[in-house]
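Here's the structure we're looking at; comments come further down.
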Amino acid sequence: MPDARLVAPNFITEIIEADLESGRVQQIVTRFPPEPNGFAHLGHTFACNLNYSLAADYNGVWVLRMDDTNPETEKLEYVNAIVHDLEWMGWKTQVQFASDDFQIMHDCAVQLIEKGLAYVESVSAEEMAKLRGTVDKSGQSSPFRDRSVAENLDLFKRMRRGEFLNGKHLLRAKIDLTSPNMKLRDPALYRILHAEHYRQGKQWCIYPLYDYAQAINDAINGVTHSLCSLEFIDNKAIYDWVLEHVEHPALKSRPYQYEFGRRSLEYTVVSKRKLRKLIESDSVAGWDDPRMPTIAAQRRRGITPEAIRSFAKGIGVSRTNRTVDIGALEFAVRDDLNTRSPRVMAVLKPFKVILENLEAPQNLKLSYYPPDVINVSSDGLVLHPNGTRVPPEQATRVVQLGKEIFIEQDDFLETPTAGFKRLTIGGKVRLRGAGIIECHQAIKNDAGEILELRCTIQPEGKAAGVIHWVNAQTGIPFEARLYDRLFTVPNPEQEAKLEEDDADFLMYLNPHSLEILKGIIEPSILEQPSITRYQFERNGYFWQDPIDSSTNALVFNRIIGLKDNWTTAKPEVGKEKNLKPQIQHKLELSPEEKTYLEQLTAQNISQAEAIVLARDSGLRSYLKQTKNPQLSSWVIQLGLRDTTQLEPNHLIAVVELVLSNKLSRNMAKDILEEAMTTHLNPLELIQSRGLEQNNDTSSLEPIIQAVITANPDKVTAYKNGRTGLIGFFVGETIKQSGGKANPQIVQELIKKQLEN
RNA sequence: AGGGAAAUAGCGUAAUUGGUAACGCAACAGCCUUUGAAGCUGCCAAAUCUGAGUUCGAGUCUCAGUUUCCCUUCCA
């Protein structure tokens, strides 16, 4: 494994490592199976990144497979877009197509029919839904469930030949109509659909459904670990069923499905339906509108694949659906851009300033990067707009200062507020890279609006702050598109659900998600590649819109603003945890169980244990045979139901050793568990291994002493009140004693030691 | 007569598998600063969903409960 892993350890890497170690697989194969019926978005990058990175981390193979089993919605256009987007993300591979394996899937279906495991259903869809039952009512079979194999074979052949209309028949797996898992109530395998497939043309008029296709395709692709989101967890049963009952030389692996929690992002929606609605309602300009969560949109906005990958990596993976703070994305984007974006000056809301004492224009040589960026560079070099890495002194451009300049409207206040660090009348401020200016007059029109500021400039001096500027003569006008969050609330979908009637998520659209400004920018940018991502100092990160911008009509997208600790409104007070009163409900026991419960508690057995015993006759009878109710916790924890697992005498004897301080409790548990699997005499095990507990203070003390002297920092921490560390000391001592030390004695000794 | 999954600082993820509750983001403070950015330093915050049990010791094991999410497409 490479030194820097792409995926932090998680529950999936744990499984993979176990499988690799046990030899279940030699090399892992993961896969990402998008359906080509829409554009890839941030949600996809999370899943794809996981699969890709896992394969990379474990030297495995990553497969990209188009899950194109539904000809009605899928298009070549989407295939191309998805592949293009994923390649842009840095995930490149030979693309596989589910539809290329239709023949294999068909043959396997025939096999299932032959085995009597699939049948042709012929009731209507509505009827079938009725027969399926509900979550708490079991399903019923239709009259067609018991058709003969021959008849099923014939019907399926005719389905394939195109003899029937859409929906007339359906191939179903014969599993279990009464299963509490709805997915297992004879799921559909194949449907009739007279539609042209974008890839297979009119070759097929029957198409496999998701559950069936997914399992077979994964096996064909040699997938070992098939990852999907949580909502498919019930489908796993079909997945396994299919793979257990189908045999075909093309099936290269026995894949297993594992589920991870989805990650949604605050202030966005990703469902295809909702994204389409945004476009149809003209809330955004299209799939690649930079406010959209699609990869195409993020790319157009100027966000880099590195930033998206770092974001995907940063949010990790777990078994819970989670909503991620938008700040996490924003951090990843800024963090990425900070070191790669040359700084230039652009004014978004121009405000005229006359430098009265400036005789002639001056050409200033300004650095593209501030010292901090240079300092954090690993190679001491910085990225020049021309794409090469150069020494910092070479990363400069020339900026002209003239008599007439523009500054940012917000950088001047006639009546300054407290803490204002910019230009005021009579105040001084530094013009970035040019000197100190002092304002002595504001020229107003009749309406009292300020037209321009009259200032004087001096090379050095004290100033309230630093502001950016652009020379009026040489500056170039441009259009600035300032993008902001698309919604006003973090969870527009959830909010919409809370509303009555047909209220929908569109009512939470942020009316200011796009602001268009006419700005002015220093001309140096014209000499550099148009794809350069810049930081406009004090304004944020920008780049030219790849579609709408041209040399004659510059359009810059704001990729993301700078973090602003000055103007941002203080965040709303922390959401309070709603602590609801917890009501303990009476648990339901049969009258018989209740009687047992009473008997057991009468024998001084705790409520929690008594419940277990009352409901488990095996445990109960075993405990009875030990003739000692005090052994209840041993019987329960070891799951002793049968004397063949462990002779009651052995249990009694071992516990006796524990009670007489001759064996530690943990050791006893380990030995008993071992005895249960090996059927060896636990007493002999203890004897032969010399596991008697060490209660001898004098032999324990040196070990304790060693542990204490080896960890002086922890000793002081303990003495400073971190008493939780007692566990560390006890654990270490026991470990070093080979597990034989009496923990109680050890703990007492350590406490005594540490408190002196 | 339902089945399944989950719950750890404001957010996200960890915790040597029963032995120090940690990291990143956010927030806050200080330093630094020719970007109110960045950088550096510090700080706050969890009775690990609740209650009980076992244990010298529980985020981790057992039991009971609570809350949230998923499943009744011939979509995926």
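The chains referred to below are lettered A, B, ... by the order of the sequence lines, with proteins before strands, and numbering in each begins at 1. Note that the coordinates shown come from a computational prediction; the quantities given were computed from them, not determined experimentally. These values consider heavy atoms only, across backbone and side chains, with no hydrogens, waters or symmetry-generated copies.
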Looking only at side chains, do [X] and [Y] share a donor and an acceptor under 3.5 Å apart?
X	Y	value
A:Asn742	A:Asn695	yes
A:Thr323	A:Ser264	yes
A:His169	A:Glu121	no
A:Asn539	A:Glu408	yes

Given RNA chain B, 5'-ward residue of the pair A:Ser606 and A:Pro459, judged by closest heavy atom
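The residue mapped nearer the 5' terminus is A:Pro459.
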When the nearest nucleotide of RNA chain B is assigned to A:Ile233 and to A:Gly465 on a heavy-atom basis, which residue is associated with the more 5' position?
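With A:Ile233 and A:Gly465 compared, the 5'-side residue is A:Ile233.
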Between [N] and [M], how far apart are the two [atom1] atoms, rounded to whole Å?
N	M	atom1	value
B:C61	B:C43	P	33 Å
B:U55	B:A14	C1'	25 Å
B:C40	B:U54	C1'	49 Å
B:G18	B:G2	P	35 Å
B:C63	B:A47	P	25 Å
B:U13	B:G51	P	24 Å

Starting at [atom1] of [X] and ending at [atom2] of [N], how long is that distance when rounded to a whole Å?
X	N	atom1	atom2	value
A:Met667	B:U55	CE	C1'	16 Å
A:Arg538	B:U33	CZ	P	18 Å
A:Gln458	B:U34	CD	P	16 Å
A:Phe232	B:C71	CZ	P	10 Å
A:Arg263	B:C11	CZ	P	14 Å
A:Leu600	B:C63	CG	P	16 Å
A:Glu408	B:U35	CD	C1'	12 Å

Compute the centroid of each ring, for A:Tyr534 and then for A:Phe542, and state whether the two points are separated by less than 6.0 Å.
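When the ring centroids of A:Tyr534 and A:Phe542 are compared, they turn out to be at least 6.0 Å apart.
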Quick check, are the ring centers of A:Tyr190 and A:Phe156 under 6.0 angstrom apart?
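Under 6.0 Å, so yes.
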Give a yes/no answer on whether the side chain of [X] brings an N or O atom under 4.0 Å of OP1 or OP2 in [N].
X	N	answer
A:Arg665	B:U55	yes
A:Arg319	B:A6	yes
A:Gln744	B:C56	yes
A:Arg262	B:C69	no
A:Arg422	B:U35	no
A:Ser318	B:G12	no

Touch class at under 4.0 angstrom, heavy-atom based, for [X] against every strand present:
X	answer
A:Asn742	nothing
A:Val429	nothing
A:Arg132	sugar-phosphate
A:Glu35	sugar-phosphate
A:Ile726	nothing
A:Leu170	base
A:Phe260	nothing

Partners of [X] by salt bridge (charged side-chain N to carboxylate O under 4.0 Å, His left out), sequence neighbours excluded?
X	answer
A:Asp234	none
A:Arg65	A:Asp218
A:Asp186	A:Arg145
A:Glu231	A:Arg262

Quick test: give all pairs of protein nitrogen or oxygen and nucleotides 37-39 of chain B nitrogen or oxygen below 3.5 Å, distance rounded to 0.1 Å.
from	atom 1	to	atom 2	distance (Å)
B:A37	OP1	A:Asn565	ND2	3.0
B:A37	N6	A:Asp372	OD2	3.3
B:A37	N1	A:Asp372	OD2	2.9
B:A38	OP1	A:Lys563	NZ	3.3
B:A38	O2'	A:Asn338	ND2	2.9
B:A38	N1	A:Asp372	OD1	3.4
B:A38	N3	A:Asp372	OD1	3.0
B:A38	N3	A:Asp372	OD2	3.2

Side chain A:Asn321, main chain A:Gly261, donor-acceptor under 3.5 Å:
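No: the side chain of A:Asn321 does not pair with the backbone of A:Gly261.
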Ring pair (Phe, Tyr, Trp, His ring centres under 6.0 Å) partners of A:Tyr119, counting only residues at least two apart
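With sequence neighbours excluded, A:Tyr119 shows a ring pair (Phe, Tyr, Trp, His ring centres under 6.0 Å) to no residue whatsoever.
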Among all residues two or more places apart in sequence or in another chain, which pass the ring pair (Phe, Tyr, Trp, His ring centres under 6.0 Å) test with A:Tyr78?
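Counting only residues at least two positions away or on another chain, A:Tyr78 forms a ring pair (Phe, Tyr, Trp, His ring centres under 6.0 Å) with A:Phe39.
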Can you name the residues that form a side chain to side chain contact (heavy atoms under 4.5 Å, CB included) with A:Asn338, not counting sequence neighbours?
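A:Arg343, A:Val373, A:Tyr541.
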The criterion is side chain to side chain contact (heavy atoms under 4.5 Å, CB included); which residues satisfy it with A:Lys563, sequence neighbours excluded?
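Side chain to side chain contact (heavy atoms under 4.5 Å, CB included) check on A:Lys563 returns A:Arg334, A:Asn565.
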Counting heavy atoms not belonging to A:Gln140, are there more than 12 under 6.0 Å from its CD?
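No, not enclosed.
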Closest to the A:Phe420 side chain, choosing from B:A76, B:G36, B:C71:
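Minimum distance to the A:Phe420 side chain belongs to B:G36.
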Taking atom types as they are modelled, would you say the side chain of A:Asn666 forms a donor-acceptor pair with the base of B:G57 within the 3.5 Å cutoff?
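Checked by distance alone, the answer is yes.
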Please confirm whether any donor atom in the side chain of A:Asp136 sits under 3.5 Å from an acceptor in the base of B:G3, or the reverse.
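Donor-acceptor pair under 3.5 Å: no.
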Under-3.5 Å N/O pairs linking protein and nucleotides 20-22 of chain B:
from	atom 1	to	atom 2	distance (Å)
B:U20	O4	A:Lys714	NZ	3.0

From CA spacing to verdict: salt bridge (Lys or Arg N to Asp or Glu O under 4.0 Å), A:Asp411, A:Arg538:
CA-CA 11 Å; A:Asp411 284 342; A:Arg538 305 209 304 135; 2.3 Å; yes
What residues from residues 631-638 of chain A pass a heavy-atom cutoff of under 4.0 Å to RNA chain B?
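Listed by number, they are A:Gln637.
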Taking syn as a glycosidic torsion within 90° of 0 and anything else as anti, which one is B:U17?
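Here B:U17 takes the syn form, which means its glycosidic angle is within 90° of 0.
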Please map the stems of RNA chain B, keeping only stretches of three or more Watson-Crick or G-U wobble pairs with both distances under 3.5 angstrom.
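The stems are B:2-7 with B:66-71, B:10-13 with B:22-25, B:28-31 with B:39-42, B:49-53 with B:61-65.
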